[in-house]
2 protein chains.
Amino acid sequence: MPTFPEDAGSRSRSRVASGRPAVTKERIVDAALELSAESGLENWTLRQLAAAVDAYPAVVYHHVGDRDTVVVAVLDRVVGELTLPDETLPWRAWFDEFLPTVRSVLRRYPGSARRLALFGPSVAAAVPTMNTGIGRLLAAGFGAEAPFAYNLLLATACQFVAMEDDREGAMALQLDRSEGYAAYRTREDLPGMAVLGESIAALVADPDLAAGYYERLYAYAVERCLDGLEQRLAQLKALESLTEPGQ
Amino acid sequence: MPTFPEDAGSRSRSRVASGRPAVTKERIVDAALELSAESGLENWTLRQLAAAVDAYPAVVYHHVGDRDTVVVAVLDRVVGELTLPDETLPWRAWFDEFLPTVRSVLRRYPGSARRLALFGPSVAAAVPTMNTGIGRLLAAGFGAEAPFAYNLLLATACQFVAMEDDREGAMALQLDRSEGYAAYRTREDLPGMAVLGESIAALVADPDLAAGYYERLYAYAVERCLDGLEQRLAQLKALESLTEPGQ
DNA sequence: ACCTGAACACCGTTCAAGT
DNA sequence: ACCTGAACACCGTTCAAGT
């Protein structure tokens, strides 16, 4: 007793004859994007997606392809939502503006950050952000290292968003674990665990502090990477001036 | 026609009567660890695990619990394989020694890095490494920031190992993508994509260079994070000497 | 307490048949 | 070309029944 098409009784009629809009690739990806926003990129099933466009699962295969192909199409849309800062900004200012928007966009589609962290976006979707991002690093003097540096920044950004995504889903579990860590705050024999316990206990005690935790963690991670790259850049310039003293 | 217990014909005999060793939690986790080493933490099924100890799936539930409980037990073993550097080393030397061993251990169990990156290890398993790792950062002067800094370093390490794990599984797909990026190396209108394309083309052309790619990427990421933290530490010390000029 | 054997409610994917 | 409706080969999980 399949429940997919809205009215299983009105069978054998074509979509147009019954007044339902024709299924297209675009409409399917629209629906998948919405499902991803609601429940996460990995948490909807092909049957749910088919039902969302009032069709059978095989219809999705016909118009788009298997589940992974749909996911890639969704990711292209998500990456397309990223707005790029002014291309004339110096590298650090450019990334200081860009990376916070990365978080806010990816957070709207839970699971997208993890996929992007591991595989990156499709080549076509990546071109605008990669070209200007790597371009800013090139202009700053990173040279052949620019792709490495870009990769570090985006991977770190995606990684911390992915952490946030996945821990939200397991909040109860995470609270238990928080209590577990907080219990160590009085262990004078384990000073490392004690400071950790103290900071977690502070989070557990103060909901306002806890609310901004992941945003602060993200900012900290991103800033330290940028600092590290800044130091590396200074190092590269020092090396350069050694080998080309006349320049 | 279930094929699990080795000889489906000799039914109704108890394990001991038929000379098969009793199933224990330890033996199940042993098998799961081995399966994880062979095919990855997320790529074995409960039925395969049961078959590996010559038992029915329900036996795993009886002795350990659901699939996720088994995975957590496996992760505890993996984290237990990490050997900690000399506790008296200064923070940077300690992490310079520790983080490469993190990569080599986690790489032996594909998928473990991703799980650890997102959820961290269980509290019990985490204590030794966290306590000394955060302890080294405390001793260096990171103060209350030490857990943040530790988190950044371990998350980055796990993230880049996870990237390596997952891209290996999709090597064909990744090669296609490499060609896609390499094609941009002559695009003078897109200077960022051009350097990226050039570096990818170099990898595609030279297998030796490609073999060490992820190790270099890992080292680069980890070193930039350490550099960033070093700079941050200098900043913290400068602030401290301002507020306590007599100290 | 430990294990058997089967079932349940899913899942992604495929396919012959209809229009 | 597009869609129907069902099937296939899985999956994690549960459970009554045996010993």
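Throughout, a chain's letter reflects where its sequence line sits, starting with A, and its residues are numbered from 1. Values in this document were obtained by computation on a predicted structure and should not be read as measured data. Below, all heavy atoms of this structure are taken into account, side chains as well, without hydrogens, waters or symmetry copies.
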Trainee: With sequence neighbours left out, what residues match R187(B) under side-chain hydrogen bond (donor to acceptor under 3.5 Å, both in side chains)?
Mentor: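 side-chain hydrogen bond (donor to acceptor under 3.5 Å, both in side chains) check on R187(B) returns D189(B).
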Trainee: Please check the phosphate of dC3(D) (OP1 and OP2 only) for any side-chain N or O of H63(A) closer than 4.0 Å.
Mentor: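 Yes, such a contact exists.
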Trainee: List the residues meeting ring-ring contact (aromatic ring centres under 6.0 Å, His included) with Y184(A), not counting sequence neighbours, and say none if there are none.
Mentor: none
Trainee: Can you pull out every salt bridge (charged side-chain N to carboxylate O under 4.0 Å, His left out) where at least one residue sits in residues 109-129 of chain A? Sequence neighbours excluded, please.
Mentor: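 Every pair satisfying salt bridge (charged side-chain N to carboxylate O under 4.0 Å, His left out) with a residue in residues 109-129 of chain A: D68(A)-R115(A), R114(A)-D166(A).
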Trainee: Dot-bracket, 5' to 3', for DNA chain D please: Watson-Crick or G-U pairs under 3.5 Å, [ ] where pairs cross earlier ones, | where the partner sits on another strand, dots elsewhere.
Mentor: ||.|||||...|||||.||
Trainee: Atom NE2 of H62(B) and atom P of dG18(D): how far apart are they, to the nearest Å?
Mentor: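 After rounding, the reported distance stands at 17 Å.
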Trainee: From CD of E42(A) over to C1' of dC11(C), roughly how many Å is that when rounded to an integer?
Mentor: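 So the CD-C1' distance, E42(A) to dC11(C), works out to 14 Å.
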Trainee: When F148(B) is tested against each of Y213(A), Y214(A), Y218(A) for ring-ring contact (aromatic ring centres under 6.0 Å, His included), which residue passes?
Mentor: Y213(A)
Trainee: Take the protein atom CG of D54(A) and the nucleotide atom C1' of dC2(D), then report the distance between them rounded to whole Å.
Mentor: 15 Å
Trainee: Y56(B) OH to dA7(C) P: how many Å, rounded?
Mentor: 13 Å
Trainee: Name all residues meeting the side-chain hydrogen bond (donor to acceptor under 3.5 Å, both in side chains) criterion together with Y109(A); count only those two or more places apart in sequence or in a different chain, and write none if there are none.
Mentor: E81(A)
Trainee: Test of understanding: with side-chain hydrogen bond (donor to acceptor under 3.5 Å, both in side chains), list the residues that count as partners of Y220(B), not counting sequence neighbours.
Mentor: E145(A)
Trainee: What pairs with R77(A) under side-chain hydrogen bond (donor to acceptor under 3.5 Å, both in side chains), at least two apart in sequence or on another chain?
Mentor: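 Applying side-chain hydrogen bond (donor to acceptor under 3.5 Å, both in side chains) to R77(A) gives D30(A).
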Trainee: What pairs of nitrogen or oxygen atoms, one from the protein and one from nucleotides 13-16 of chain C, lie under 3.5 Å apart?
Mentor:
unit_1  : atom_1 : unit_2 : atom_2 : d
dT13(C) : OP2    : Y61(A) : OH     : 2.4
dT13(C) : OP2    : R67(A) : N      : 2.9
dT13(C) : O5'    : Y61(A) : OH     : 2.2

Trainee: Sort and list the pairs that fulfil side-chain hydrogen bond (donor to acceptor under 3.5 Å, both in side chains) and have at least one residue in residues 119-129 of chain A, not counting sequence neighbours.
Mentor: D76(A)-S122(A), T129(A)-Y150(A)
